[in-house]
Visitor: 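Before anything else, here's the structure in question.
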There are 2 protein chains.
Amino acid sequence: MTPSERALRADAERNRQRLLDAAQALFRERGLDVGVAEIAQRAGVGRGTLFRNFPTKQDLIAAIVIARMKEATDYGRTLLDAPDAGEALFGFLEEIVGRQQLDRCLFDAVAHTFLANQEIRAAHADIVGGLDDLLSRAKEAGAVRSDVGAMDVLMLVKGVCEAASALATTEPAVVGRQLDLVRAAISVSGTDRPLRGRAPTLADVERAHPPTPATVAEASA
Amino acid sequence: MTPSERALRADAERNRQRLLDAAQALFRERGLDVGVAEIAQRAGVGRGTLFRNFPTKQDLIAAIVIARMKEATDYGRTLLDAPDAGEALFGFLEEIVGRQQLDRCLFDAVAHTFLANQEIRAAHADIVGGLDDLLSRAKEAGAVRSDVGAMDVLMLVKGVCEAASALATTEPAVVGRQLDLVRAAISVSGTDRPLRGRAPTLADVERAHPPTPATVAEASA
DNA sequence: GCACAACCGGACTGCGCGGTCCGGTTACGA
DNA sequence: TCGTAACCGGACCGCGCAGTCCGGTTGTGC
């Protein structure tokens, strides 16, 4: 947070990175339940070192989540220049799903608790923003119906991730199939029925996950 | 399991039901994390009584889940006589989502662990069967594209539930909107693109959640 | 080459929860 | 009425894990 933290010593930085890598790998393999002891061991450092870098297991998780979200956002930006706006959008959706499939448990965490964390909230908003840009272009290009919003799409995609994770291990092809159905859902079809209600907004989601007093305090510390 | 268990004494049966009701209510309010102590207290019984009726917290949860699934299946059957096959199908989907919204955490549990339980597996298969019947009728009536399978639909619906639970507390209308999108996804539109792969089957899902040796033993006990 | 930051890693604490035990009590049901 | 099944509920156990402490060690940066 405070930029005044003097740069880490070389070995400290190295260890920090090792911890992130080890945690990431273990979380992928076995979920968030892996113990800190094992993470430290896999990283080849002592437990003390882990807690020096990340005072709390949650902090460690959050660091990984944020890094992953930023990667996705960056990828989305590169698609803004793509010639076919529709394909760009659907490509982004594929990418998001692919990433969430890899790091399933991490995004579970985001959904349930971590939107209370300010940094994660910001990273999330960035992704939504990027998606919104891609969606707007796709609408202009006539590839997507005009009455769906970014959160509509994001919810569908999140849903696909969740549902797919139940059986993706044995049938990865199913994910693509589900995405095809999402595509059918939001494409212009000529026989579209109107959608109920209004498009949900980012604010709606954030309102449902208020930052806790604890995280606010933490952020200002 | 064994039908030879002699009927419970009146007060025992009463307590059993109280426990189910209390657990159900608490799970709805605060998720599966509520402790057994609190459940017993809310039911107005001692902890010993809880464990006599349900040797394990998991058993308690499973009992509730199975009851809920059976209710949904029964409702589905009543729709088989409805005049409009398309509306019947979509009505069933609304119903499923509504139920899952109420008992969010329970179905999380199912997805993650409980398909290993034979009874739950059977109840799940029944629901899929019912959905399949409704879907077939809707296809014959020309309301739904012919290349989607019951599991395709179920996955979409499950996805909607998951995604919605993230913000349903503040915006219940969003769920209906997502269901409209699901409807758009599987309706005949004239401009349908082919779907990747083949329709997933119940067997695909079950294969991904093999019954554990433990549950097999438990079922035969 | 030296001072000190960073690391090691075992021992320890605290916590919460599921599950067990049991002696004393209640109320069902025949 | 009476035998007994079922209940009560406090005490207790075990477990696993996050997080702390600390004395001894290593290796970085100046």
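All figures in this text were calculated on a predicted structure; none of them were measured in a lab. Here is the naming used below: chain letters follow the sequence lines, and residue numbers restart at 1 for every chain.
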Visitor: Looking for any heavy atom pair under 4.0 Å, which part of the strands does B:Arg16 touch: base, sugar-phosphate only, or nothing?
Guide: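 Here B:Arg16 touches no strand at all.
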Visitor: Salt bridge between A:Glu71 and A:Arg99, side-chain N to carboxylate O under 4.0 Å?
Guide: yes
Visitor: Rounded to whole Å, how long is the line connecting atom CD1 of B:Ile39 with atom C1' of C:dG18?
Guide: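 The answer, rounded to whole Å, is 11 Å.
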Visitor: Rounded to the Å, how far apart are B:Gln58 CD and C:dC17 C1'?
Guide: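 Going from B:Gln58 (CD) to C:dC17 (C1'), I get 14 Å.
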Visitor: Which listed nucleotide (D:dC7, D:dT28, D:dC8) is nearest to the side chain of B:Arg52?
Guide: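 Nearest listed nucleotide: D:dC7.
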Visitor: Please give, in whole Å, the distance from C:dG19 P to B:Leu60 CG?
Guide: 10 Å
Visitor: Out of D:dA6, C:dA6, D:dA18, which has the shortest distance to the side chain of A:Arg9?
Guide: C:dA6
Visitor: Please state how far atom CZ in B:Arg30 lies from atom C1' in C:dC17, giving the value in whole angstrom units.
Guide: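 So the two atoms are 14 Å apart, to the nearest Å.
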Visitor: Would you please test B:Val128 and B:Met151 for side chain to side chain contact (heavy atoms under 4.5 Å, CB included) and show each step?
Guide: CA-CA 7 Å; B:Val128 173; B:Met151 289 309 302; 4.1 Å; yes
Visitor: Can you tell which of D:dT20, C:dC28, C:dA6 lies closest to the side chain of A:Phe51?
Guide: D:dT20
Visitor: Could you walk me through whether A:Phe27 and A:Ile64 pass the side chain to side chain contact (heavy atoms under 4.5 Å, CB included) test, one step at a time?
Guide: CA-CA 10 Å; A:Phe27 288 154; A:Ile64 298 176; 4.0 Å; yes
Visitor: Is the shortest side-chain N/O distance from A:Arg47 to OP1 or OP2 of D:dC17 below 4.0 Å?
Guide: no
Visitor: Nearest-Å distance, CG (B:Asp33) to P (D:dC17)?
Guide: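 So the CG-P distance, B:Asp33 to D:dC17, works out to 16 Å.
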Visitor: Kindly point out which of D:dG19, D:dT28, C:dC28 is positioned nearest to the side chain of B:Arg14?
Guide: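 In terms of side-chain proximity for B:Arg14, the closest of D:dG19, D:dT28, C:dC28 is C:dC28.
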Visitor: What's the closest nucleotide to the B:Asn15 side chain, out of D:dC7, D:dA18, C:dG29?
Guide: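 Per side-chain heavy atoms of B:Asn15, the pick is D:dC7.
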Visitor: To the nearest Å, give me how far apart CD (A:Glu38) and P (D:dA18) are.
Guide: 11 Å
Visitor: One thing to verify: whether B:Asp204 and B:Arg198 come together as a salt bridge, which I'm taking to mean a side-chain N less than 4.0 angstrom from a carboxylate O.
Guide: yes
Visitor: Between B:Pro55 and A:Ala12, which has a closest nucleotide on DNA chain C that is more 5'?
Guide: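 The residue whose closest nucleotide sits nearer the 5' end is A:Ala12.
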Visitor: Is there side-chain contact between A:Phe54 and A:Arg16, with at least one heavy-atom pair below 4.5 Å?
Guide: yes
Visitor: Can you tell me the distance, in whole Å, between the CG atom of B:Asp59 and the P atom of C:dG18?
Guide: 13 Å
Visitor: Start at the 5' end of DNA chain D and walk down; is the nucleotide closest to B:Gly44 or to A:Asp11 reached first?
Guide: B:Gly44
Visitor: Which listed nucleotide (D:dC8, D:dA18, C:dC7) is nearest to the side chain of B:Thr49?
Guide: D:dC8
Visitor: Tell me whether the OP1 or OP2 atom of D:dG19 has a side-chain N or O from A:Thr56 closer than 4.0 Å.
Guide: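 Yes, such a contact exists.
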Visitor: Calculate the interatomic distance between B:Leu50 atom CG and C:dC17 atom P; express it in whole Å.
Guide: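 That distance rounds to 15 Å.
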